[in-house]
Protein chains: 2
Amino acid sequence: MSVEFDQILLVPGYRKVAAAIAERILSRELREGERLPAETELARQFGVNRSTVREALRELESGGLLERRPGSKLMTVSRPQHRAVAKDVSRALALHDVTFFEVWEALTQLEPPMAEIAARNRTQIDLDCLAAACQRFTEDNLETGKAVHHAAEFFRCVGRATHNQVLGLAQEPLLGLLEPSLRVMIDKVPQARARIAAAQRRILEVIGKRDSEAARTWMAKHIRDFRKGYELAEIALDCRIA
Amino acid sequence: MSVEFDQILLVPGYRKVAAAIAERILSRELREGERLPAETELARQFGVNRSTVREALRELESGGLLERRPGSKLMTVSRPQHRAVAKDVSRALALHDVTFFEVWEALTQLEPPMAEIAARNRTQIDLDCLAAACQRFTEDNLETGKAVHHAAEFFRCVGRATHNQVLGLAQEPLLGLLEPSLRVMIDKVPQARARIAAAQRRILEVIGKRDSEAARTWMAKHIRDFRKGYELAEIALDCRIA
DNA sequence: GATGGCCTGATTGTCGGACAATCATACGAT
DNA sequence: ATCGTATGATTGTCCGACAATCAGGCCATC
């Protein structure tokens, strides 16, 4: 008979402080935009040193729960922006040796349904945003960096047009990986830019007409085209990104 | 004629240090499992104070790039685990007032294709893992907490069986929200547990037979059933979770 | 030889205090 | 009303300190 003891875990103070503040934010006791007390004040309230508070703040900051309005000193409670939290996810995936194929396959599954939903739910504003993104890609795609950025931005607009935050956020890490993976392909395939622009225009058009079926179809083709691009650029699909 | 100046941005030291270390990890100069130098040593190398180093470490730690092996003092480089990074995402979504409908819709789009791919790519080990998860739900579902946890775990096994890390990670934030949303439903609908167990068994069976078409279909039904559950529990779908 | 106790150095977690740079605000001069 | 200035609050960074813990070596005991 082996006696088992539970692991006794001693949580360092900075993490307790972080947890305490995070809980207040999650419970909405601290609302968005509200300013956090000063560090010395927090230290006093928690009964710990300011250094300890600061370490806790760094943790919350990188989790997106706190931010500093530019040109301000006090930290304010913030609802984490999608891009911010997704960055960690993209980084994690990159470190896990994600391959071109994995990203492409995920896009294949995720984007067509999103286009379909976007076609149903889009507002006029979404459509304008989409049209603007499409135009930006068409007009400003000479620099590789700008081109891939605008391409990702188009997907982001589609995501917003779904009016489903979960979907919008789910695709964000993908887009974080799409950029580097597009970057190595787009310059090796001369016709890539034109094909992407054409695909965007078609998708824009059918989303404009609220033709969800067509939106799904064209988006699927758009994604398939990416794969063709990789093959034309002679990039092995099982090669890791970045 | 207005003269425009670029915003001059002064990055605090702790963030520079964090960025410097992160870059080394991303570039794989520091490999997984490798131990980071001690704080005093880092402070010496960067030419900053130990407090500054510590704030940087907290940032990297919460991003998952560093971790401390339990019972160890030195921090080691780590590849962020899916659950860890997804937690921030779930938290972000919760703060953005995500509704039951949004989660459900995302599941609707994401899970059936995942089941389909899992049916194609699953190994024997994946299948065993899936069977074990299914069994755990069937046998140990009295406690609400355990039930929802096992239910989410089943989806995680499907995710792993796809052998696509991107898809596996994309669903993780969803599962983080599935748990609280299931929790409020499962006890109000007496037949929920039995229906979930039955659905899992059917999905397990067709994934076992590598019948990808059937896997997609049954998974779709499984997800539709969740919605029915919400309606039976008289939960408004446009109500926010938690 | 294996086990356990003990010592020493290294490392982290936390503390207290310090100071320059910046921000917020009020006050006063023009 | 606009601008400059004084003042206090706050952050970023530094220094030094100490207890608790960890890693490893040494030694006695069985």
Side-chain angles (χ1 to χ4, degrees), chain A residues 2-3 5-22 24-25 30 33-78 84, chain B residues 2-3 5-22 24-25 30 33-78 84:
Chain A
S2 69
V3 183
F5 284 102
D6 286 344
Q7 268 205 355
I8 130 166
L9 56 117
L10 32 134
V11 182
Y14 59 83
R15 208 166 295 176
K16 284 189 195 164
V17 171
I21 298 178
R24 287 268 189 117
I25 297 177
L30 290 169
E34 202 161 337
R35 293 193 323 190
L36 215 61
E39 295 172 357
T40 47
E41 173 59 16
L42 286 172
R44 195 191 57 77
Q45 289 185 26
F46 284 109
V48 300
N49 192 273
R50 189 161 79 99
S51 310
T52 306
V53 170
R54 282 181 65 81
E55 292 186 37
L57 293 184
R58 293 296 88 79
E59 206 163 307
L60 296 170
E61 190 179 26
S62 83
L65 261 51
L66 296 180
E67 71 174 354
R68 199 187 318 284
R69 293 277 162 75
S72 172
K73 236 164 171 38
L74 288 159
M75 306 263 281
T76 62
V77 176
S78 73
Chain B
S2 70
V3 183
F5 285 102
D6 285 345
Q7 266 205 355
I8 126 165
L9 56 116
L10 32 135
V11 182
Y14 60 83
R15 208 167 297 175
K16 284 188 195 166
V17 171
I21 298 178
R24 288 268 189 116
I25 297 177
L30 290 169
E34 203 161 336
R35 295 193 321 190
L36 215 60
E39 294 173 357
T40 47
E41 173 60 16
L42 287 172
R44 197 192 57 75
Q45 290 185 25
F46 285 108
V48 299
N49 192 273
R50 189 161 79 100
S51 310
T52 306
V53 170
R54 282 181 66 82
E55 293 187 38
L57 293 184
R58 294 296 89 77
E59 207 164 304
L60 296 169
E61 194 180 17
S62 83
L65 260 52
L66 296 180
E67 71 173 357
R68 202 188 317 282
R69 295 276 162 74
S72 171
K73 233 166 171 46
L74 288 159
M75 307 260 284
T76 62
V77 176
S78 72

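In what follows, chains are A, B, ... by sequence order, proteins preceding strands, each numbered from 1.
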Got a second to check how far B:Leu42's CG is from B:Arg50's CZ, nearest 0.5 Å?
11.0 Å
Interatomic distance, A:Leu36 CG vs D:dA9 P [rounded to whole Å]:
19 Å
Look for any protein N or O under 3.5 Å of an N or O in nucleotides 13-15 of chain D and output each such pair with its distance, or none.
residue: D:dT13; atom: OP1; partner: B:Gly13; partner atom: N; Å: 2.2
residue: D:dT13; atom: OP2; partner: B:Gly13; partner atom: N; Å: 3.2
residue: D:dT13; atom: OP2; partner: B:Tyr14; partner atom: N; Å: 3.4
residue: D:dT13; atom: O4; partner: A:Arg50; partner atom: NH2; Å: 2.9
residue: D:dC14; atom: OP2; partner: B:Asn49; partner atom: N; Å: 2.7
residue: D:dC14; atom: OP2; partner: B:Thr52; partner atom: OG1; Å: 2.8
residue: D:dC15; atom: OP2; partner: B:Asn49; partner atom: ND2; Å: 3.4

Stepwise salt bridge (Lys or Arg N to Asp or Glu O under 4.0 Å) check, A:Arg24 with A:Glu34
CA-CA 12 Å; A:Arg24 287 268 189 117; A:Glu34 202 161 337; over 6 Å; no
D:dG12 P sits how many Å from B:Arg58 CZ, rounded?
17 Å
B:Leu42 has an atom CG; how far is it from atom C1' of C:dA10, in whole Å?
14 Å
Distance, nearest 0.5 Å, that separates CG of B:Leu36 from CD1 of B:Ile25
7.0 Å
Going by the rule side-chain hydrogen bond (donor to acceptor under 3.5 Å, both in side chains), which residues pair with B:Glu59 if we only count those two or more places apart in sequence or in a different chain?
none
Ion pair present between B:Glu55 and B:Arg58, side-chain N to carboxylate O less than 4.0 angstrom?
no
Nearest-Å distance for atom pair CZ/C1', residues A:Arg44 and D:dA9:
15 Å
C:dG9 C1' sits how many Å from B:Glu41 CD, rounded?
16 Å
Checking A:Gln45 now: which residues fulfil side-chain hydrogen bond (donor to acceptor under 3.5 Å, both in side chains) with it, not counting sequence neighbours?
A:Glu41
